[in-house]
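By convention here, the first residue in the shown sequence is residue 1.
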Amino acid sequence: MDGTLLNSQSVVSTKHIEAVRNAQDAGVIVVIATGRYYMQAERIMKTLDFDGILVSNDGAATIKNKTKEIIHEHSFSVEDISPLITYCRQHEIHFSLTTAFNHYVEFMSPYQIDKCKQYEIQYSTHNDVLELKEPVMKLTIDDEKRINGWQDIVLPSHIKLRANAEFFKEYVHHQTSKTNGLRKVLESYGIDPSEIIAIGDFYNDLDMIEYAGLGVAMGNAPDDVKEKANDVTLSNDEDGVYYALEKHLRW
């Protein structure tokens, strides 16, 4: 979405709305693969009248938008991360748990409230997240007070770091990626990777661009992403997705 379907003002252009609708009307299965959570993508999917599949949170949850059916998820249990949660509680370090459709917190600072507004994250306050039964897609720790200590806690091997700054880390299932989410979509529909077009603008799109039969880099992508793509389209401010699909789908 960001840097691809959305322009620099985080708006979907008329041409990009037209591109998605033309593809859907032509019978193409349209998949949006994004680092955003479901609730962050919901506004954009409504604008598009999106009838396809969302690979959300960089591949952690793959969802049919209209029915909210979860096709596949790369997740872990809350018990897997309980030592981190316990430590953060004891030291009042902010943490949040993201599931397929929700974003849970136990407490919020003014900084965290502003951050959620900025990134369109709708959060739910939970008295005790260790009681959650939903599979967890991501644990985020934002140590704004610089308290430290939690970074040394060892987690199970099936959990990896997605973001890894000193005081800000995101933990996800080790198989989480846009490509793995897309792979599950193809398996469910019996489609070969050679039959798909993947369009992206950044490094977290690179494995998806290389995986697809036709990988297209946006004009605003870094040069080393463009070098790995089969084709390069215009930028996100120049309706690059529209022109890429017009060129290769020839509707």
So, [X] side chain and [Y] main chain: donor-acceptor pair closer than 3.5 Å or not?
X	Y	answer
E210	G215	no
T86	P83	no
E18	H16	no
K68	K64	no
D205	F202	yes
D80	S77	yes

ask   = Among side-chain atoms of S194 and D192, is any donor-acceptor pair under 3.5 angstrom?
value =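 Side-chain D/A pair, S194 to D192: present.
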ask   = Any side-chain donor paired with an acceptor under 3.5 Å for D239 and S13?
value =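 Checked: D239/S13 side chains pair up, N/O donor to acceptor below 3.5 Å.
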With sequence neighbours excluded, what pairs up with [X] under the ring pair (Phe, Tyr, Trp, His ring centres under 6.0 Å) test?
X	value
Y87	H91
H74	H72, H173
Y37	H103

task = With side chain to side chain contact (heavy atoms under 4.5 Å, CB included) as the test, would you mind laying out the steps for N57 and R162 before giving the verdict?
result = CA-CA 10 Å; N57 203 0; R162 178 188 174 211; 3.2 Å; yes
Does [X] share a hydrophobic cluster with [Y], counting links as ILVMFWY side-chain heavy atoms below 4.5 Å and allowing steps through other members?
X	Y	value
Y189	M208	yes
L161	L155	yes
F50	I196	no
I209	V216	no

ask   = Going through the distances and angles, do R21 and D51 end up as a salt bridge (Lys or Arg N to Asp or Glu O under 4.0 Å)?
value = CA-CA 9 Å; R21 291 180 180 175; D51 195 28; over 6 Å; no
Do you know the tightest heavy-atom contact between [X] and [Y]?
X	Y	result
S75	M137	CB-SD, 3.9 Å
V232	M218	CG1-O, 4.2 Å
K169	E166	CE-O, 4.1 Å
T99	P135	CG2-O, 3.4 Å
E92	F107	C-CZ, 3.9 Å
S56	I63	OG-CD1, 4.2 Å

Separation of [Y] [atom2] from [X] [atom1] (nearest 0.5 Å):
X	Y	atom1	atom2	answer
L130	E106	CG	CD	7.0 Å
I147	F167	CD1	CZ	10.0 Å
K145	S109	NZ	OG	8.0 Å
I141	C88	CD1	SG	4.0 Å
H248	D231	NE2	CG	4.0 Å
I93	R146	CD1	CZ	11.0 Å

ask   = Less than 4.0 Å between a side-chain N and a carboxylate O, is that true for K138 and D58?
value =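 No, D58 and K138 are not salt-bridged.
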For the residue pair [X] and [Y], establish whether any side-chain heavy-atom pair is separated by less than 4.5 Å.
X	Y	result
N65	Y38	yes
T233	Y242	no
L84	W150	yes
L182	V31	yes
M1	M45	yes
N236	L6	no
V28	L245	no
V105	Q112	no

message = I'd like to know whether I17 forms a side chain to side chain contact (heavy atoms under 4.5 Å, CB included) with T47, so could you lay out the CA-CA distance, the side-chain angles of the two residues, the decisive distance to 0.1 Å, and finally the verdict.
response = CA-CA 8 Å; I17 294 172; T47 300; 3.7 Å; yes
request  = Go through Y211 and L186 one step at a time and tell me if the side chain to side chain contact (heavy atoms under 4.5 Å, CB included) criterion holds.
outcome  = CA-CA 12 Å; Y211 174 71; L186 301 190; 3.6 Å; yes
message = Atom CG of residue position D25 - does it have more than 12 heavy atoms of other residues, nucleotides or ligands inside 6.0 Å?
response =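 Yes, the 6.0 Å shell around CG holds more than 12 heavy atoms from other groups.
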query = Take atom NZ in K228; do more than 12 heavy atoms of anything else shown fall under 6.0 Å from it?
reply =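 At most 12 heavy atoms, drawn from other residues, nucleotides or ligands, come within 6.0 Å of this atom.
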message = Would L97 and I81 count as a side chain to side chain contact (heavy atoms under 4.5 Å, CB included) here? Give the steps.
response = CA-CA 10 Å; L97 274 62; I81 52 174; 4.1 Å; yes
task = Identify the residue among I44, V55, I53, L48 that makes a side chain to side chain contact (heavy atoms under 4.5 Å, CB included) with I32.
result =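 One option only clears the test, and that one is L48.
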inquiry  = Under the side chain to side chain donor-acceptor pair (under 3.5 Å) test against N180, which residue among R183, K184, K178 passes?
reply    =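 Filter result, single survivor: R183.
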